[in-house]
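This report refers to the structure that appears directly beneath it.
To find a chain, count down the sequence lines: A is the first, B the second, and so on, and within it residues start at 1. All values below were derived from every heavy atom in this structure, side-chain atoms included, with hydrogens, water molecules and symmetry-related copies excluded.
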Amino acid sequence: MFSDRSYCGELTASDSGRDVSVSGWVDRKRDLGGIIFLEIRDVSGVIQAVFDSSVSAVNAETADSVRSEYVIQVKGRVRKRSDDTINPNITTGDIEIVADSINILNRSMVPPFSIDSRDNINEEVRLKYRFLDLRRDDMKEAMIMRHKAMQVTRNFLSARRFIEIETPILNKSTPEGARDFLVPSRLNRGEFYALPQSPQLFKQILMVSGFDRYFQIVKCFRDEDLRNDRQPEFTQIDMELSFITPGMIMETIEELIKVIVKEITGKEIDYSFPVITYDEAMSKYGKDAPDTRFGLEIRECSDIFANSTFNVFSSALSTGGVVRGFAVEDGGKLSRKMTDDYSEYVKKFGAKGFPMVKFNDGKFEGGISKFITDDEKSMVIERFGLKNPAVVFFSVDKEKIVNATLAGMRLKVAGDLDMIDNDKLNFLWATDFPLLEYHEEDKRYYAVHHPFTAPLPDQAGMLDNLTPENAVKMKAQAYDIVLNGVEIGGGSIRIADPELQSKIFKTIGMSDEEAKMKFSFLLDALQYGAPPHGGLALGLDRIMMLLLKRNSIREVIAFPKTQKGQCLMSDAPSPVVDDQLSELSIRVVKK
RNA sequence: GGGGUUGUAGCUCAGUUGGUUAGAGUACCUGCCUGUCACGCAGGGUGCCGCGAGUUCGAGUCUCGUCAACCCCGCCA
């Protein structure tokens, strides 16, 4: 019955004269009385079928009875349309099917929203009726493009001797990094699996096993709060390689990325990705994943205002804070209201305010200009290279807050002034991340990336006389890949030396016993001939979101969760019956 | 845990200073229509104004609480 099915969107003028059969959904009905047009939609597109009541009253009557989203099968002959009836808006607009028969395969309730992508539908409704939402062109495109990205990735990596190997979803919980999703074990009561935050340990084991190039397109799980680019389950293109340098990995990834970009957008990336160190990224952009599509680079100003009498500056500087800022040649577009709003807006970054001065004709005016001495003014002019009318924004606080504020405000101001070119794809590598981070609260070090990351080769010795002060100087062989200010992947060279590995564990306050309990299998493996190795993982969802210019990761995921982690379609998560709980020896404590 | 935005017809949204019967477009239903293509024309039904309190003679509108979706901080590579 369906073996001779043609795809609606794939019929062309060259099929005219052919008898075809199409099956799909009623996209639109135009009933003119004696003649009825149905647009039939399937995954490939739409095509118009014509029913003439003077040819077949029965068929016309059936066509008249169908409604939106009914599933029908239409057989008929493809015909070129006459010139005056061609519809240039659809790809099959130069042809139509002259129907011989119509068969209603299934009815549909009136859909809660139009399948037409022109309408902006409330996301809540879309998520509840995701099966209908996925019929819309935008979602269909996202799913097909996502498939293509995965396909070229598999082809690319397979051609380079990577082997795709699956790793366990039911895993051992390791409470480092993100919060784990736990899965109770029925066979081992009171014990739990964890869903993998990433296949990190297993892919390293695979290197020891001799699969010198591994990859996997794999779901990862992190029980943390959601954002527009963060879902509790997400997909990584995960890779690990043996006998490798960071440069070799970066080269391979760059090539892969270019293939994906070409496949999805048709664009050639004709530059090699700039490499920027972590320190440079932080000082110029205030974050490790900078958006370089616009300027507004940050400049250090603490030295300029070292002797400032302006209380806001002097008190912050005397208590270990910093003064930094950026200048924007705004062409007078920044209104008083906007800058006023900014000083409120920065509070979400923990800043107390957002001091500014206007620069015009070589002079400062407005804002805090009266607190700035002439000497300071000339230094500011030089530091920011001021020539044209501009506004200089400052942030004054502890370094962390200053960075967050300026990073956030760069983006805000650039957005408000329409300075961001949406067609740009600015990739870059961030390297030389700090290996460790000292937390004052609990007086211990934490691994910035993860504890298996190797330090720079010549820095391993620093572990022996580490202090909270010099710890920041110790860099990791870690690298992040960034697109338009969004981290889309990251990786590192791993520690292959069991001695160095246990030294790192000790440094982050993990005893031998504790390390053994958590990672014994990795530590064991390292002692049986571990090759030097390293790898990287790319966030597929984020890459798709950016390349398809969607404003949320949910737009490229078939069945995403809401910000509270719920699936509005299936209603997960949900309570379970007591029998299930008792089988697992679990009791729910009511809060 | 915290800050913000939004919530009115199936959908998208308007609703003035608190004022009597809550509106538009679209969808839906009925009829007419033989070249439409977001077909057209005529007619019709459509509301827990998110939910709960409060203020008031009177609340879609004001106040408080609450729920949900989204954005952000914290959290998270």
Side-chain angles (χ1 to χ4, degrees), chain A residues 27-39 46-55 60 64 67-69 79 81-90 92-94 96 98 109-129 132 176-180 197-198 200 220-232 234 236 287-289 344-351 401 404-405 408 411-412 430 433 447-450 453 476 478-482 486-492 536-539 542 551-552 554 561-564 566 568:
Chain A
D27 195 56
R28 211 170 275 283
K29 177 172 79 169
R30 288 180 289 275
D31 181 355
L32 275 65
I35 191 165
I36 297 169
F37 301 96
L38 294 185
E39 273 182 37
V46 295
I47 190 158
Q48 170 170 286
V50 201
F51 297 81
D52 190 329
S53 62
S54 67
V55 175
D64 180 40
R67 297 290 180 268
S68 281
E69 301 307 311
R79 176 172 72 187
R81 297 197 201 178
S82 64
D83 288 349
D84 55 327
T85 60
I86 287 175
N87 179 3
N89 300 318
I90 61 175
T92 58
D94 58 335
E96 62 193 1
V98 185
M109 302 225 302
V110 176
F113 52 83
S114 161
I115 304 305
D116 196 323
S117 270
R118 271 179 292 238
D119 293 345
N120 252 344
I121 314 294
N122 180 350
E123 193 171 2
E124 208 171 336
V125 186
R126 290 177 51 204
L127 290 176
K128 179 167 182 198
Y129 296 95
L132 297 178
E176 289 284 317
R179 204 175 285 118
D180 281 327
Q197 297 176 22
S198 82
Q200 184 59 38
C220 301
F221 305 85
R222 288 173 194 166
D223 188 7
E224 297 294 345
D225 285 4
L226 288 78
R227 287 285 189 282
N228 85 112
D229 60 355
R230 271 162 42 187
Q231 281 274 307
F234 59 99
Q236 286 193 342
K287 60 184 279 203
D288 54 6
E344 198 53 38
Y345 186 85
V346 294
K347 287 183 179 154
K348 69 180 193 178
F349 304 112
I401 290 174
T405 303
L411 207 61
K412 172 77 177 156
F433 281 73
V448 170
H449 190 64
H450 55 57
T453 303
Y479 30 83
D480 275 3
I481 183 165
V482 176
V486 179
E487 179 203 330
I488 58 166
S492 63
L536 175 139
L538 295 171
R542 285 185 181 176
N551 43 30
S552 133
R554 297 183 300 277
K561 308 272 190 291
T562 67
Q563 199 164 51
K564 285 193 76 185
Q566 294 184 318
L568 295 182

Are A:Asp116 and A:Arg28 within salt-bridge range, i.e. N to O under 4.0 Å? yes
Does a side-chain heavy-atom distance below 4.5 Å link A:Asn228 with A:Asn551? no
Nearest-angstrom distance from the residue atom CD1 of A:Ile90 to P of B:G35: 19 Å
What is the distance, to the nearest angstrom, from the CD atom on A:Glu96 to the P atom on B:U34? 17 Å
Any strand, both distances under 3.5 Å, Watson-Crick or G-U wobble: B:A38 pairs with none
Compare the ring of A:Phe113 with the six-membered ring in the base of B:C11 and state whether they stack (centres under 5.5 Å, planes under 30°). no
Would you tell me if any nitrogen or oxygen in the side chain of A:Arg81 comes within less than 4.0 Å of OP1 or OP2 on B:U36? no
Can a side chain N or O of A:Arg28 be found less than 4.0 Å away from OP1 or OP2 on B:C39? yes
Answer yes or no for A:Lys29 and A:Phe37: cation-pi contact, defined as NZ/CZ to six-membered ring centre under 6.0 Å and angle to ring axis within 45°. no
N/O donor-acceptor pair under 3.5 Å between A:Gln197 side chain and A:Gly177 backbone: no
For A:Thr453 and A:Ala478, the nearest pair of non-hydrogen atoms, with its separation, is CG2-CB, 4.2 Å
Give a yes-or-no answer on whether the side chains of A:Arg30 and A:Gln48 include a donor-acceptor pair shorter than 3.5 Å. yes
Tell me which nucleotide, if any, is Watson-Crick or G-U wobble paired with B:G58 when both distances must be under 3.5 Å. none
Assuming nearest nucleotide by heavy-atom distance, tell me which of A:Ile35 and A:Asn120 is located more 5' along RNA chain B. A:Asn120
Within the pair A:Arg30 and B:U36, is there a side-chain N or O less than 4.0 Å away from OP1 or OP2? no
So, does the side chain of A:Asp52 form a donor-acceptor pair with the base of B:U34 at under 3.5 Å? yes
Please compare A:Val125 and A:Glu39 by the position of their nearest nucleotide in RNA chain B and report the one closer to 5'. A:Val125
Quick check against the 3.5 Å criterion: does A:Thr92 have a side-chain atom that pairs as donor or acceptor with the backbone of A:Val46? yes
Taking pairing as Watson-Crick or G-U wobble with both contacts under 3.5 Å, can you name the mate of B:U16, or confirm there isn't one? none
pair_partner(B:A69), Watson-Crick or wobble, both distances < 3.5 Å, evaluates to B:U5
What does the B/S/- profile of nucleotides 66-77 of chain B look like, 5' to 3', with a 4.0 Å heavy-atom cutoff to protein? --SSBBSBBBBB
